Protein chains: 2
Amino acid sequence: MKVLIVEDDALHRAFLAEAVRAALPECGQVIEAENGLKGEAQARIAQTEHIVMDLQMNERNGIEAARTIWRERPDTKILFWSNYSDEAYVRGVARIVPEGATYGYVLKSASEERLKLALRSVFVESQCVIDREVRGVQQKSLGTSLGLSDVEYEILVDVALGLTDKAIAQRKHLSLRSVQNRLQQLYEKLDVYETPGQVNVGWFNLRTRAVSVALSRKVLNASAIERAERDLRQSAGL
Amino acid sequence: MKVLIVEDDALHRAFLAEAVRAALPECGQVIEAENGLKGEAQARIAQTEHIVMDLQMNERNGIEAARTIWRERPDTKILFWSNYSDEAYVRGVARIVPEGATYGYVLKSASEERLKLALRSVFVESQCVIDREVRGVQQKSLGTSLGLSDVEYEILVDVALGLTDKAIAQRKHLSLRSVQNRLQQLYEKLDVYETPGQVNVGWFNLRTRAVSVALSRKVLNASAIERAERDLRQSAGL
DNA sequence: TCCTGTCCTGCGGGAACCCGCAGATTTTGC
DNA sequence: GCAAAATCTGCGGGTTCCCGCAGGACAGGA
C-alpha cells in the first residue's frame, strides 16, 4: 500500500507523513509532493490509489489536482485535509467527486486522533468521512433559507468574473430577462438589500455588492474565481 | 525579555516557540496566543514589547491586531510571519505601521535560518527586516505601470464593497465625475479591457471585472474587504 | 380537466454606469 | 514667476442594470 501526500507546507507535510505511518502500519511507502501539479505527476507515476491532500496550494490547488487525478483513475481514494470549510471549497469538492468514489474531508484543526481515524476509514474501509463542521456547511448550502441552488451559484460565479448580463445569457443559453430574474433571487438570498447605515437607497451597486457579501460569507473565494476564469478562457478560446 | 507569539496553527506555533528560544537565548518567557483577539489581550496584560505574529487568523487577523497593539504601544516590535506576500497584505501592513516603529515581514516558506536571523535583527538590533520577495511586491505596488496609487486603491476597496459611485463620492468628499475619473484610471491599470475571447464589446461589466482581476492578482483579498466592511459599518453607524 | 406553482420570456421605464469634451483649479518643475 | 501637467468638476449621450407587470410553457395534484 502506497500513500501520496500533497501539501505545500513543510511542517504540515512532515506531520502528515508521521501520522500516516502511525495510522497505517501496512503502508509500505509514503510519497510526498509540494503542490498540486507535482501531486498529479506523482499520482500518475507511482500509480497510487491513496492520496491525502491539502486544498489551497500555489501551483495548482487541491480541487483541480483531484479533478485530473480522478479523471484518470476514478477509484482513487482521496482524503482532503484543509484549514477551511468555506462553502466554496465544500461545493468545489462535491462538484468533482466521481460516482461512487470514496473520499474524506477533515479540517486541520481537528485532533490527531480524528485524522488517523479518517485515514483508516477512507483508505482501508473505503468509507467516506466528512468532518461534522464541513457537513454543517454542506447542509447549510442545501437549505433553502440561506443556501443557493446550483443555478444561482453558477450565476454568482459568472457575475464575480465580471461578465455582463448579456454575456451570461449567451453562455447559459438563456434570455436576458431570465438572467436578471436569477440575479434578483441571488440578491434576495444574499441579503444584498441590508444596509449598514440608515439611508438605504442608492448606496449599493447590487451586482458588485453580491460578490462582496459572497466573499465575506465564504460562499465564494479567490481560488473559485480563478478556476472559473480559467474555464472561461478555455471555453472562449476554442 | 518576553516574546509573544500570535499564531492560530498549532504546528506553526510550536515551531515558532522553538525557533524563538533557539534564536534568543536571553528570552526569559515565551507567551502564546491562538488568534488576534487573544493576542491583543496578552500584549496588554503581559506588557510585552516583542511580538511575532501571523497574518490571516480567524478571530481577528494580524493586521487588525497589530493596529490596536501599536495604537497602545507604538514602540512594540512586531515580526510578521505569513504564508503569503499578497499585495493586499503588504499594503495593509504598510498602512498601519506607526512612524519610526520597527517591524519585519518574513514568509513561512523562508528557511529557519532566515527566520532566526530576522528574530534577532528585529528584536535585538531594532532593524526592519523585509523578505526579498515581499519587498518585490512593495516595489511593484509603487511602480507606475502595474501599481495603483493610494487613492486608486481606496476607490478599488470601495467598489469591492459594492458601493455606488454616488456613495463613494459622498464618502470621499468628491464629485460624482471625479469618482468616475478615478475609476477609469483603475480600469486601465487593471487591464480590465483585455478580453479572453475575440468579441470584446459588452462582455464585461467593468466595475465587477475590476474586482475580479484585483482578486486574481492578489491586489485585494477577502480579509481586506472584510476589514473595509467593518470600517464602513462603523463610520455609517455613528 | 382544471388549478396552482415554478420557470422562461418580452416590454417598458427609471436609475446607475461609462466616458468624451471642455473649462476651472491645483500642483509641479524650471 | 510662469508654463506644463495633473486633478476636479459639470454637461450630455449611449449603454447597461434593476425590476414591476404580464403572458406563455410545463409539471404535479385534486
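Note: hydrogens, waters and symmetry copies are ignored here, and every other heavy atom, side chains too, is used. Residue numbering restarts at 1 for every chain, and letters A, B, ... go by the order of the sequence lines. Owing to the predicted nature of the structure, the values given are computational and were not obtained by experimental measurement.
Checked by distance alone, A:R177 brings a side-chain donor or acceptor within 3.5 Å of a matching partner on the base of D:dG20.
Although no hydrogens or angles enter the test, the distance criterion places no donor-acceptor pair under 3.5 Å between the side chain of A:E125 and the main chain of A:Q127. For the pair B:W70 (side chain) and B:T76 (backbone), a donor-acceptor distance under 3.5 Å is present. Looking at A:N61, its side chain does come within 3.5 Å of a backbone N or O of A:I63 through a donor-acceptor pair.
Rounded to an integer number of Å, the gap from A:L206 CG to C:dG14 P is 19 Å. Regarding A:I168, its CD1 atom lies at a distance of 16 Å from the C1' atom of C:dC8, rounded to whole Å. Atom CZ in B:R207 sits about 15 Å away from atom C1' in D:dT15, given to the nearest Å. When rounded to the nearest whole Å, the span between CD of B:Q180 and P of D:dG13 equals 16 Å. Between B:W203 atom CH2 and D:dT16 atom P the separation is 13 Å, expressed in whole Å. Here the P atom of nucleotide D:dC17 and the CG atom of A:L176 are 7 Å apart, to the nearest Å. One can place OH of B:Y187 at 13 Å from P of C:dG20, the figure rounded to the nearest angstrom. Atom pair A:R209:CZ and C:dA16:C1' shows a separation of 17 Å (rounding to whole Å applied).
A sub-4.0 Å separation between OP1 or OP2 of C:dG20 and a side-chain N or O of B:Q184 is present. Dashed line: the shortest gap from a side-chain N or O of A:S178 to OP1 or OP2 of C:dT9 is under 4.0 Å. OP1 and OP2 of D:dC18 both lie 4.0 Å or more from every side-chain N or O belonging to A:Y193.
Between B:L220 and B:Y153, some side-chain heavy-atom pair lies under the 4.5 Å cut-off.
Considering only the side chain of A:S175, C:dT9 comes nearest among C:dT9, D:dC18, C:dC19. Closest contact between the side chain of A:L174 and the listed nucleotides D:dC8, C:dT9, C:dC18 involves C:dT9. Distances from the side chain of A:D165 to the nucleotides C:dC18, D:dC17, C:dA16 place D:dC17 closest. Checked against D:dC18, C:dC8, C:dC18, the side chain of A:L183 finds its nearest nucleotide in D:dC18.
When each of B:H173 and B:N205 is assigned the nucleotide of DNA chain D bearing its nearest heavy atom, the one mapping closer to the 5' terminus is B:H173. Nearer to the 5' terminus of DNA chain D, by closest-nucleotide assignment, is the contact made by A:T164 (compared with the other of A:T164 and A:N181).
Screening B:R182, B:R91, B:K172, B:K189 for a salt bridge (charged side-chain N to carboxylate O under 4.0 Å, His left out) with B:E152, the sole residue that qualifies is B:K189.
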